[in-house]
Participant: 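Mind having a look at this structure? Questions to follow.
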Amino acid sequence: MRLLLVLVKPLPLTVIKKILNKTIEGVLMLSSTITTLTVLLIVLFLFKEGVSVFKESPLDGDNVIVLNNQNDVNHLSAADIKKIFDQETTNWKLVGGANDSILLFTFNDLSNYFSEEELGPEFEYLPHKMDSLIEANPGMIAVFSKKYLDKNHKSKVATIDNISPKTFLLGKEWFPTANPAVQLGVLPLILGTLYVSIVAILIALPIGLATAIYIAEVAHPKIRAIYKPVIELLAGIPSVVYGFFGLIVIVPLIQKIFDLPVGESGLAGAIVLAIMALPTIITVTEDALRNTPRAMKEASLALGATQWQTIYKVVIPYSASGISAAAILGIGRAIGETMAVLMVTGNAAVMPHSLLEPLRTIPATIAAELGEAPANGIHYKALFGLGCILFIITMVINIWVETISKRRVNR
Amino acid sequence: MYKIESKNVNLHYGSFHALKGINMAIEKNTVTALIGPSGCGKSTFLRLFNRMNDLIDGVKIEGECLIDGKDIYSKSIKIDDLRKRVGMVFQKPNPFPKSVFENVAYGLRVNGITHKNFIEERVEVCLKQAALWDEVKDKLKKSAMALSGGQQQRLCIARALAIEPSVLLMDEPASALDPISTAKIEELIYDLKNLYTIIIVTHNMQQAGRVSDSTAFFYLGELVEFDSTKKIFTNPTDVRTQNYITGRFG
Ligand SMILES: Nc1ncnc2c1ncn2[C@@H]1O[C@H](COP(=O)(O)OP(=O)(O)OP(=O)(O)O)[C@@H](O)[C@H]1O
Ligand SMILES: [Mg+2]
C-alpha cells in the first residue's frame with residue numbers, strides 16, 4: 001500500500017527541472033551537430049565532385065583520335081592535341097614522331113575527300129572509308145566519333161592522358177570548351193586570385209588598421225559617433241554596387257594614370273576589393289582595440305608612456321587576435337568575392353604577368369562559366385575542382401594567420 | 001615648500017560635483033592616508049596628481065594642484081613628463097600580459113632607455129625594493145599573468161618604482177591581498193618613505209594608522225579633516241571623523 005502511494009506521488013519539481021534541462025541540452029547539441037554535419041557534407045560534396053575531374057578524358061564527348069598505323073606516335077597529351085589542331089605544331093617530330101608533316105582531318109573536311117554516294121545514305125560506308133583514308137596517309141591525324149571507327153580498323157587509336165592533378169594545377173591554359181581537347185590548366189586563375197587578393201589586403205590592412213586606431217583611440221567621441229555607423233553602413237552595400245563604382249571610377253582612372261589600352265585589370269580588382277574589405281577590417285579591428293581593458297591603458301599612461309606608445313605597446317598587442325580575425329575576414333572577403341571582381345578585372349583567363357593586365361579570379365570563373373557548363377560534364381567538374389582549390393587556399397591562409405597571431409600573443 | 005599642494009580644487013564629472021574646494025598640503029617624504037566612505041572622492045583626488053582624470057570625458061577641474069610648487073595643470077607641463085615623476089599603483093593589480101621582466105622594464109623603455117645592462121640592474125633593484133625578487137628571480141621571462149594576485153600587485157609597485165618617481169600614488173594597493181602580502185606591502189611603504197612622497201588610499205583603519213604620518217578624511221566630496229594620523233585617530237576635531245573611525249557609519 002505504501003509502495004503504491006510513493007509511485008502515485010506527482011513528479012517533484014526538481015525532476016521536472018532536470019528533464020527540462022536535459023531537453024534543452026539535447027536540442028542545443030542536436031542543432032550544433034546538424035550545423036557541423038552540414039558544413040562537413042558541403043565540403044565532402046565539393047571535393048567529391050571536384051576530384052572526379054581527374055577521371056575524365058580531355059577529349060570532347062565520345063571522340064577518338066586516330067592515327068596511321070605506321071606512325072611512331074601512340075600517345076598524345078591534351079596540350080599536344082590543342083597545338084596540333086591549332087596548327088601550331090605541324091610536324092610529328094615535335095611530339096616524338098618521325099620527321100613528317102601533320103595532316104589534319106576533321107569532319108568538316110569530309111566533303112573534300114568523299115562524295116555523298118560513297119558514304120552511303122546512312123553513312124554506313126564511312127567507317128571503312130575513314131580507315132582506308134588514314135591508312136593511305138601516314139601523316140594523318142583524324143578526330144571523329146567512336147561510332148565511325150571501323151570494327152576491324154587497321155589505323156590505330158591514340159591513347160590520351162586523363163586530366164592529371166599536375167596538368168590541372170600547373171597547366172597554363174584554360175580553354176574549358178576547346179575542340180577537340182579541352183585545356184584545363186588552372187594556374188592562371190589561381191595566380192589571378194592570389195595576386196588580386198594579396199594586393200587588396202596589402203592596401204586594405206594598413207589603411208584599415210590606421211582608421212580603426214584613429215576611431216578607437218584618437219578621435220573625439222562626437223567624430224566617432226559619425227564615422228562608425230557610416231563605415232558599418234558601407235559593409236552592407238551589395239558588391240554589384242562596388243563593381244559599378246569600380247567600373248565607372250577606378251577603371252578609367254587606372255587607364256588614364258598608366259596610359260593603358262584598357263583599364264580593366266588586376267589592380268582595378270585589387271582596389272575595389274580593398275575598398276570592400278575595409279569596412280569589415282575597420283569594424284572588427286576597432287572592436288578589438290576598444291576591448292583593451294581601461295586598466296591596461298591607464299597602467300601604461302601612468303608610467304609616462306605617450307598615447308602613441310600606449311597604442312603601439314599595449315593596445316595593439318592586446319588586440320592582436322582580434323586584428324588577425326579582421327585580417328582573415330578581410331582576406332576571406334577578398335578571395336571569395338565574385339561579382340565586383342568579375343566586373344572590373346577584364347576577365348582574361350591568361351597567365352597574369354603584371355597587375356596592369358586583365359586577369360581572372362577563381363570565383364569569377366566559376367560564376368561566369370557554371371551556367372554554360374553542361375551538368376556533370378568535364379567543364380562542370382573542373383569548376384568544382386576550382387571550388388576545392390579556393391577552399392584550400394582560404395583554409396591555408398586562415399591557419400597561417402592564426403598561427404602568426406598566436407605566436408605574437410605568446411611572446 | 002610643500003611637496004604636494006591642492007588649492008581650492010573643485011572637480012565635476014559632468015554635472016556631478018565630486019570634489020568640493022579641497023585644500024591640502026603634503027610634506028616631502030611623508031606618507032599621507034586618504035580615508036572615507038566609498039564614493040567620497042578619494043580615488044578622484046588621488047588621480048588629480050598624475051592627471052589620470054584627464055582621460056575621462058566631461059571632467060572639469062578648477063583650482064590649483066602643485067607639485068614642487070609648480071601648477072601641474074598649466075599649459076607648460078607635458079603630461080607624460082609629469083607622469084614619469086608621479087608613479088601610481090592601482091587598486092586592482094594590472095600587470096601587462098608580458099613577461100615579469102618586461103613589466104618592470106616598460107617604464108624605462110618608453111623613456112627611451114635601451115641600455116641593456118642598465119635595464120637589467122634597474123629591474124633587479126626594483127623587484128628587490130618591492131620584496132618580490134626572491135619569488136620571481138627564476139621566472140623573469142615567464143608571463144606576469146601567471147603570478148598570484150599579491151605578487152602581481154608587488155610587481156606593479158616595482159614597475160612604478162623603475163622610473164624613479166618622486167611621488168607615489170597608491171589606490172588601495174592591498175585591498176585584494178592576503179594578510180601576509182599586505183604586511184609585505186606595508187613594510188615596503190615604510191621603507192620607501194625615505195625616497196618618495198606617498199599618498200595612499202585605504203579602507204583599512206589599522207593600515208592607515210600603521211603606515212601613515214598624516215591622514216585625510218573625505219566625506220561626500222569634501223575634505224572634512226586633515227591632520228597628523230595620531231591626532232585623527234585619537235582626538236579628531238570633527239564628529240563625522242569620529243563616527244567614521246569608530247565605525248558608526250560609512
Ligand atoms: N568616470 C566617472 N564618471 C562619473 N562619475 C564618476 C566617475 N568616477 C567617479 N565618479 C563619481 O565620483 C564620486 C567619487 O568617486 P571615487 O572613485 O573618487 O570614490 P572613492 O572615494 O575612491 O570610492 P571607493 O572607496 O569606492 O573607491 C563617486 O560618487 C563616483 O560615482
Ligand atoms: Mg576608489
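Both backbone and side-chain heavy atoms feed into the values below; hydrogens, waters and symmetry mates do not. Every chain is numbered from 1 and lettered A, B, ... according to where its sequence line falls, protein lines coming before strand lines. Keep in mind that this is a model prediction, so the values were computed, not measured.
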Participant: Which atoms of B/Arg51 are under 4.5 Å from chain A, going by heavy atoms: the side chain, the backbone, both sets, or neither?
Facilitator: neither
Participant: If you count the non-hydrogen atoms of other residues, nucleotides and ligands that lie under 6.0 Å from NZ in B/Lys137, is the total more than 12?
Facilitator: yes
Participant: Looking at B/Lys42 and B/Glu172, does any basic side-chain N land under 4.0 Å from a carboxylate oxygen?
Facilitator: no
Participant: Just checking heavy atoms, which of residues 224-239 of chain A are less than 4.5 Å from chain B?
Facilitator: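 Within residues 224-239 of chain A, near chain B: nothing under 4.5 Å.
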Participant: So does A/Ala212 get a backbone contact from the side chain of A/Thr285, meaning a donor-acceptor N/O pair under 3.5 Å?
Facilitator: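 Side chain of A/Thr285 to backbone of A/Ala212, a donor-acceptor pair under 3.5 Å: no, none is there.
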Participant: Under a 3.5 Å distance rule, please check whether A/Tyr318 uses its side chain to pair with a backbone N or O of A/Asn291 as donor and acceptor.
Facilitator: no
Participant: Side chain, backbone, both or neither: which part of B/Pro95 has an atom under 4.5 Å from a heavy atom of chain A?
Facilitator: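 Only the backbone of B/Pro95 comes within 4.5 Å of chain A.
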Participant: What pair of heavy atoms forms the shortest contact from B/Ile61 to B/Asp54, and how long is it?
Facilitator: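 Nearest pair, atom of B/Ile61 first, then B/Asp54: CD1-OD1, 4.1 Å.
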Participant: Measure up the B/Phe49 and B/Phe45 rings against each other and bin them: parallel (under 30°), tilted (30 to 60°), perpendicular (over 60°).
Facilitator: perpendicular
Participant: Can you tell me if B/Gln153 uses its side chain to pair, donor with acceptor, with the backbone of B/Ala174 under 3.5 Å?
Facilitator: no
Participant: Sort B/Ile163 into side chain, backbone, both or neither according to what part of it lies under 4.5 angstrom from a heavy atom of chain A.
Facilitator: side chain
Participant: So, the side chain of B/Arg83 versus the backbone of B/Asn50: is there a donor-acceptor pair under 3.5 Å, distance only?
Facilitator: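 Yes.
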Participant: Do you know which of B/Arg47, B/Arg109, B/Lys78, B/Lys92 has the most heavy-atom pairs under 4.5 Å to chain A?
Facilitator: B/Arg47
Participant: Side chain of B/Gln152, backbone of B/Leu147: donor and acceptor closer than 3.5 Å?
Facilitator: yes
Participant: Side chain from CB out, backbone as N, CA, C, O: work out which of these in A/Lys313 comes under 4.5 Å of a heavy atom of chain B, or both, or neither.
Facilitator: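 Both the backbone and the side chain of A/Lys313 come within 4.5 Å of chain B.
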Participant: Search all heavy atoms of A/Gly322 against all heavy atoms of A/Ala288 and return the closest pair with its distance.
Facilitator: CA-CB, 3.7 Å
Participant: Heavy-atom distance under 4.5 Å to chain B: side chain of A/Pro221, backbone, both or neither?
Facilitator: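 Contact with chain B is through the side chain of A/Pro221 alone.
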Participant: Which atoms of B/Phe96 are under 4.5 Å from chain A, going by heavy atoms: the side chain, the backbone, both sets, or neither?
Facilitator: both
Participant: Side chain, backbone, both or neither: which part of B/Val89 has an atom under 4.5 Å from a heavy atom of chain A?
Facilitator: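 Nothing of B/Val89, per the 4.5 Å heavy-atom cut-off to chain A.
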